[in-house]
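See below for the structure under consideration.
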Amino acid sequence: MREIVVEAQNIWKSYTAGAVTVDAVKNLSFALYKGELIVVLGPSGSGKSTFLNILGTLDRPTSGSVYFNKLNISQESDEQLSALRRRHIGFVFQFYNLIPTLTALENVEMIAAHSASPMPVEDALKRVNLWERRHHFPSELSGGEQQRVAIARAIVKKPELLLCDEPTGALDVATGVIVLQALEEVHHDFSISVMLITHNATIAHLADRVIRMSGGQILSIERNERHMLARDLSW
Ligand code: ADP
C-alpha cells in the first residue's frame with residue numbers, strides 16, 4: 001500500500017459577506033501519495049487555491065477533515081498547524097513572496113534557521129543554480145531567478161509536501177520551463193510530494209495524476225498517460 005501524505009475528506013469552504021455566501025470548495029475528497037506529482041487544472045475561481053491552502057494548513061475548511069500523515073489535523077491549534085507547516089510543508093507562490101530587504105542567501109537562511117533538520121543552505125541554492133547569485137537582493141534578480149530562490153527556500157527544510165500555486169504564472173515560457181525543471185528535479189531527487197496549481201493545460205504533462213476542478217468541485221482525477229519532462233514542454 002502506498003503511503004498517503006495528506007488527505008482531505010469531504011471538505012467544504014464557505015465565505016460569507018453580508019447576505020452572500022460563496023462555496024469556494026464543495027465536498028472535496030482527495031488523497032495525495034508519497035512521492036506523487038499532482039497538477040490541478042481549472043479556470044480562475046474554480047477553488048484551486050482554496051483547496052491547496054487547506055491541504056497546506058494555511059486555511060481551515062468550514063467542514064470536513066484533513067489528515068496529515070494519517071493524523072487528523074482538523075482540530076489542531078494555530079500554533080500546532082504552524083509548527084507542522086514549518087517542519088513538513090514548502091510553498092511556492094506565483095509572485096515569489098521573497099523578503100525584499102534580504103539577499104537570496106538570507107531569504108533561504110531565514111527558513112533554514114527555523115527548521116528542524118534543514119539541508120545546508122548552499123545545497124538548496126546550488127540545486128536551483130543560484131549559489132553564484134546568493135548575495136543579490138530580489139530586485140537584482142529576474143522573475144525566474146526569484147522563483148528559483150523561492151524554490152530553494154521551500155526545499156531547504158526538506159519538506160514532505162511542496163505546494164505550488166501558479167509557480168510559472170508570472171513568467172515567460174523559457175523561464176517557466178527552467179522553473180519547472182527545478183521543481184521536477186527536487187521532486188525526483190528528494191521524493192517530495194508535489195501539488196502544482198495551474199490554468200496551463202500543457203503543464204499537466206508533468207504530472208502523475210491530473211485533477212480538473214470547476215465550481216469548487218473535482219470534475220475528474222486522471223492518471224497522466226503522456227508523461228513529459230519539463231524541458232520538452234512549450235506553450
Ligand atoms: P482559483 O484558485 O481556482 O482561482 P479560489 O480558490 O481562489 O479559486 O476561489 C474560489 C472562489 O472562492 C472564488 O469565487 C473566490 O472569489 C472565492 N474566494 C476565495 N477566497 C475568498 C475570500 N477570502 N473571501 C471571499 N471569497 C473568496
Side-chain angles (χ1 to χ4, degrees), residues 5-32 36-68 73-78 81-82 84-85 89-98 143 146-147 150-151 154 159 161-173 176 179-180 183 187 192-222 224 233 235:
V5 176
V6 65
E7 180 168 10
Q9 284 184 1
N10 306 107
I11 52 168
W12 285 76
K13 179 70 183 183
S14 307
Y15 293 104
T16 303
V20 180
T21 296
V22 177
D23 291 320
V25 300
K26 302 176 194 167
N27 204 29
L28 290 195
S29 294
F30 179 72
L32 176 64
E36 253 196 324
L37 197 162
I38 299 283
V39 168
V40 184
L41 287 176
S44 180
S46 58
K48 305 183 297 297
S49 299
T50 305
F51 179 36
L52 181 123
N53 289 342
I54 290 173
L55 289 182
T57 76
L58 288 174
D59 206 349
R60 290 174 185 273
T62 309
S63 66
S65 305
V66 179
Y67 295 80
F68 197 91
I73 55 169
S74 313
Q75 306 302 326
E76 304 274 278
S77 66
D78 288 348
L81 291 181
S82 145
L84 180 133
R85 273 197 304 279
I89 309 178
F91 294 92
V92 176
F93 298 104
Q94 181 173 0
F95 295 110
Y96 330 128
N97 295 18
L98 300 175
Q146 289 184 60
Q147 193 60 302
I151 294 172
L161 177 61
L162 184 56
L163 298 172
C164 311
D165 195 343
E166 294 277 10
T168 61
L171 304 174
D172 60 68
V173 180
V179 163
L180 291 173
L183 284 172
H187 163 249
I192 301 176
S193 306
V194 177
M195 181 178 268
L196 188 159
I197 286 181
T198 178
H199 58 265
N200 181 346
T202 305
I203 295 176
H205 293 307
L206 294 180
D208 297 313
R209 287 191 293 161
V210 182
I211 299 179
R212 281 176 213 282
M213 290 187 66
S214 173
Q217 294 181 301
I218 292 180
L219 288 184
S220 63
I221 304 177
E222 286 165 24
N224 176 26
L233 297 183
W235 59 87

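Values below: all heavy atoms of this structure, side chains included; hydrogens, waters and symmetry mates excluded. Every number for a ligand or one of its atoms is a count from 1 in the order of the listing. Computed from a predicted structure; not experimentally measured.
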*Kindly state each residue pair satisfying side-chain hydrogen bond (donor to acceptor under 3.5 Å, both in side chains) with at least one member in residues 193-202, sequence neighbours excluded.*
Glu166-His199, Asn200-Thr202
*Name the one of Leu206, Val194, Ile211, Ile197 that satisfies side-chain contact (heavy atoms from CB on, under 4.5 Å) with Ile38?*
Ile211
*4.5 Å side-chain heavy-atom contact, Leu180 and Ile203*: yes
*Charged N to carboxylate O under 4.0 angstrom, Asp23 versus Lys13?*
no
*Can you tell which of Leu28, Val25, Val6 makes a side-chain contact (heavy atoms from CB on, under 4.5 Å) with Ile54?*
Val25
*Could you go step by step and tell me if Arg209 and Glu222 meet the salt bridge (charged side-chain N to carboxylate O under 4.0 Å, His left out) rule?*
CA-CA 5 Å; Arg209 287 191 293 161; Glu222 286 165 24; over 6 Å; no
*For ligand 1, the residues whose heavy atoms come within less than 4.0 Å (ordered by chain, then number)*: Tyr15, Val22, Ala24, Pro43, Ser44, Gly45, Ser46, Gly47, Lys48, Ser49, Thr50
